[in-house]
Amino acid sequence: MEKRHYERIRMIKVYYDESPAGAGKTERAINNIVKSSCRTIFVTERKESFPEIDERIRKSASIMGTSPFIAHIHGDMECLGRSVSKAVAEVPDRYAGIDHVIVIITHAALLTSDFSGFAGWQIVIDEVPAFLDFEEKTTHLDSAYFSRYYHLEHVSDDWCMVTATTSGVALSVADVRADDSHSHLDVFHARVLDASRPNSGRYVLCNLPDWAAMEERKVKWCWASTFSLRELAAFERIELLGNRFRSDIGSMLTRFFDGDEVEWEPLPPLPNLRQSVKRSVLIHYFSDRQAAKSFCGGDKGQSALREIGKYLATVLPTGSSIWSANDTAVHGQPTPKKVLGLPADASISPKQAGTNRFSKLSDAAIIYAAKPCPNLRGLLLALKIDPAAWTRTIEHEAILQFVTRTSVRDPANATAVNLYVFDREQAEYLRAYFEDLAHVEVVVSQIPLTVAIPPKSKGGRPPTIRSPQEQAKWLQ
């Protein structure tokens with residue numbers, strides 16, 4: 001796939017910190033933005049993290065003797081009739097009279113907002129998102145709608161760039177959202193409008209050769225929108241915090257689309273101010289077969305999950321452990337989270353980057369899968385990105401961030417840490433991370449199950465629901 005070329009803009013300088021989890025990336029960033037007057041957007045993964053981030057900012061400011069004004073913007077503001085993206089765009093004007101202000105937003109808000117008015121501000125992105133919006137759609141009755149409002153420009157055999165027609169430009173996101181038949185396309189339409197601006201840093205791609213191809217009932221097509229760091233060009237300083245950031249999917253997408261327009265500068269290594277005591281990290285896994293949502297939605301997968309749940313119930317200390325699992329149903333079966341049947345009060349979301357709330361606990365389990373679907377695999381291959389990189393970033397790194405919320409992040413704690421994951425590949429990813437820490441001794445072991453977990457099938461019937469490319473091959 002060829003990159004789209006735009007009028008040359010100034011080089012964007014991006015500072016990044018890819019120190020290991022628990023090294024103090026977030027703490028350093030907070031100290032830097034509270035020690036003296038500045039205007040900062042602080043981006044964290046989830047709105048549930050806002051209270052903790054707010055508390056850490058206030059604590060650091062108290063030590064520094066400063067009093068920054070702190071504001072939050074998240075989805076609940078829609079209840080007040082204002083969208084998140086509009087609230088973010090209003091920030092520079094709203095706080096123009098305040099010399100020291102820190103506004104906390106989510107990754108989702110980062111990917112949907114217009115930052116062109118943020119000259120003189122800086123932005124800190126804690127745990128970098130994938131920089132990719134992706135949705136699958138089945139819209140066999142809607143080809144006329146898409147033909148009227150959107151234009152397709154072929155960029156490869158399987159992929160097209162989507163921009164708005166004259167009618168599409170005249171159609172607002174609010175108009176789309178107010179139509180019950182098409183409200184599910186509001187994000188898609190917003191991205192297409194962004195991509196249709198002159199010299200836009202936004203791209204919208206879809207894998208339909210033409211809009212008529214969606215008319216087959218069995219076809220599930222996809223659209224994807226990449227976030228360009230050019231969207232942050234107005235900021236005075238851009239800082240990204242993320243373990244192994246330069247090798248993750250977000251960085252790969254940035255290199256593909258923004259390549260020679262970004263100057264990367266690593267932040268200095270964080271000093272190790274405390275002596276780390278020797279400790280053991282015991283990593284346990286259940287299967288040689290890779291975790292997959294489709295397998296967990298089948299009868300054999302459900303049986304395996306039930307046995308894993310019973311085992312974890314015997315080894316996770318009551319009241320002093322955390323666990324997580326996928327919470328989406330597949331094939332109409334109960335969700336993995338429900339099937340495991342573990343105590344609800346110890347269950348938390350897989351997305352827990354940046355928090356210290358569980359740093360006194362030494363036991364954690366996460367039974368989680370986030371493999372790319374066929375449509376997404378096709379996109380990654382078109383961008384010359386190995387789909388395995390998606391799994392490393394979205395699945396393995398999420399697991400790593402989850403388990404490193406435990407006491408393993410405390411260098412003064414010598415308690416042995418027990419971590420439980422579904423498959424060997426996940427366990428090996430954790431092993432590679434912890435073996436780089438000189439004070440940690442790692443042991444990896446498999447927990448045998450009485451339920452047989454078969455290897456992944458390489459054959460079988462064509463899927464009932466197909467990508468446009470699968471449908472074309474099936475018709476040949």
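Numbers here are sequence positions counted from 1.
Of the possible donor and acceptor atoms, none in the side chain of Trp323 sits under 3.5 Å from a partner among the backbone N and O of Ile367. Using modelled atom types, no side-chain atom of Asn326 and backbone atom of Thr328 make a donor-acceptor pair closer than 3.5 Å. A donor-acceptor pair under 3.5 Å links the side-chain atoms of Ser225 to the main chain of Tyr203, judged by distance alone. Checking side-chain atoms of Arg409 against main-chain N and O of Thr404 turns up a donor-acceptor pair under 3.5 Å. In terms of modelled atom types and a separation under 3.5 Å, the side chain of Gln302 and the main chain of Pro334 share a donor-acceptor contact. The backbone N or O of Leu241 sits nowhere less than 3.5 Å from a side-chain atom of Asp17 that would complete a donor-acceptor pair. Without hydrogens or angle criteria, Asn207 side chain to Asn375 main chain gives no donor-acceptor distance under 3.5 Å. The closest donor-acceptor contact from the side chain of Lys137 to the backbone of His184 lies under 3.5 Å. Using a distance-only test at 3.5 Å, with no hydrogens or angles considered, a donor-acceptor pair links the side chain of Ser287 to the main chain of Arg289. Of the possible polar contacts, none joining the His331 side chain to the Cys296 backbone as a donor-acceptor pair under 3.5 Å is found.
One distance of note links CG of Asp327 with OG of Ser347; it measures 7.5 Å at 0.5 Å rounding. For the atom pair CD1 (Ile30) and CD1 (Ile57), the distance works out to 5.0 Å, reported to the nearest 0.5 Å. The CD1 atom of Ile447 sits 6.0 Å away from atom NE2 of His284, with the distance rounded to the nearest 0.5 Å. Taken from NE2 in His189 to CG in Asp194, the straight-line distance is 10.0 Å, to the nearest 0.5 Å. Rounding to the nearest 0.5 Å gives a distance of 16.0 Å between NZ of Lys293 and CD of Gln333. Within the model, atoms NE2 of His100 and NZ of Lys35 stand 11.0 Å from one another, a figure rounded to the nearest 0.5 Å.
The neighbour count for Gln446 CD, taken as heavy atoms of other residues, nucleotides or ligands under 6.0 Å away, is above 12. The environment of Arg377 atom CZ is sparse: at most 12 non-hydrogen atoms of other residues, nucleotides or ligands sit within 6.0 angstrom. Heavy atoms from other residues, nucleotides or ligands lying under 6.0 Å from CG of Asp436 number more than 12.
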>> Does Phe118 form a side chain to side chain contact (heavy atoms under 4.5 Å, CB included) with Leu232? I'd like the steps, not just the answer.
In response: CA-CA 8 Å; Phe118 279 78; Leu232 306 180; over 6 Å; no

> Between Thr391 and His396, is a side chain to side chain contact (heavy atoms under 4.5 Å, CB included) present by the stated rule, with each step listed?
Replying inline: CA-CA 6 Å; Thr391 301; His396 296 170; 3.8 Å; yes

> How far apart are the C-alpha atoms of Lys47 and His72, what are their side-chain angles, what is the distance that settles it, and do they pass the side chain to side chain contact (heavy atoms under 4.5 Å, CB included) test?
Replying inline: CA-CA 9 Å; Lys47 69 179 182 180; His72 303 173; over 6 Å; no

>> For Arg58 and Glu55: C-alpha separation, side-chain torsions, deciding distance, then whether salt bridge (charged side-chain N to carboxylate O under 4.0 Å, His left out) applies.
In response: CA-CA 5 Å; Arg58 293 183 189 279; Glu55 181 182 355; over 6 Å; no

>> Before you tell me yes or no, could you show the steps for Glu239 and Phe42 under side chain to side chain contact (heavy atoms under 4.5 Å, CB included), namely the whole-Å CA-CA distance, both residues' side-chain angles and the distance that decides it to 0.1 Å?
In response: CA-CA 10 Å; Glu239 188 171 317; Phe42 190 97; over 6 Å; no

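For the pair Val444/Leu430, no side-chain contact is recorded, criterion being any heavy-atom separation below 4.5 Å from C-beta on. Side-chain contact between Arg56 and Glu27 is present, with at least one heavy-atom pair separated by less than 4.5 Å. For the pair Asp410 and Ser359, the minimum side-chain heavy-atom distance is 4.5 Å or more. In this structure the side chain of Ile399 never reaches within 4.5 angstrom of the side chain of Phe422, judged on heavy atoms. Cys222 has its side chain out of reach of Leu379: every pair of non-hydrogen atoms, C-beta onward, lies at least 4.5 Å apart. In this structure, the side chains of Ile125 and Tyr16 stay at 4.5 Å or more apart for every pair of heavy atoms. By the 4.5 Å heavy-atom criterion applied to side chains, Tyr368 and Ser324 are not counted as neighbours. Within the 4.5 Å cutoff, the side chain of Arg279 has heavy atoms near those of the Thr415 side chain.
Looking at Lys371 and Glu395, a side-chain N of the basic residue comes within less than 4.0 Å of a carboxylate O on the acidic one, giving a salt bridge. Comment: Glu307 does not engage Lys310 in a salt bridge, judged by the lack of any side-chain N to carboxylate O separation of less than 4.0 angstrom.
Closest approach of Asp423 to Tyr285, counting heavy atoms only: O-CB, 3.6 Å. In terms of heavy-atom proximity, Leu270 sits nearest to Gly24 at CD1-C, 3.7 Å. The minimum heavy-atom distance linking Val88 with Pro92 is given by the pair O-CD, 3.9 Å. Contact between Pro336 and Ala325 at its shortest, heavy atoms only, is C-CB, 4.4 Å. Between Thr314 and Tyr311 the shortest heavy-atom distance is OG1-O, 2.6 Å. Between Thr406 and Ala364 the shortest heavy-atom distance is CG2-CB, 3.8 Å.
Defined by atom type and a distance below 3.5 Å, a donor-acceptor pair is present between the side-chain atoms of Ser116 and Asp114. Judged purely by distance below 3.5 Å, without hydrogens or angles, the side chains of Asp126 and Thr44 never pair a donor atom with an acceptor atom.
For the pairing with Ile73, the side-chain contact (heavy atoms from CB on, under 4.5 Å) check across Ile41, Ile104, Val91 returns one residue only, Val91. With Ile322 as reference, Leu361 is the one residue of Leu361, Asp363, Val403 to meet the side-chain contact (heavy atoms from CB on, under 4.5 Å) rule.
By the 30° and 60° cut-offs, the orientation of the rings of Phe235 relative to Phe115 is tilted. Phe69 and Tyr95 have tilted rings, their planes meeting at an angle from 30° to 60° on a 0 to 90° scale.
Seen from the ring of Tyr429, Arg392 does not count as a face-on cation partner, given the 6.0 Å and 45° thresholds.
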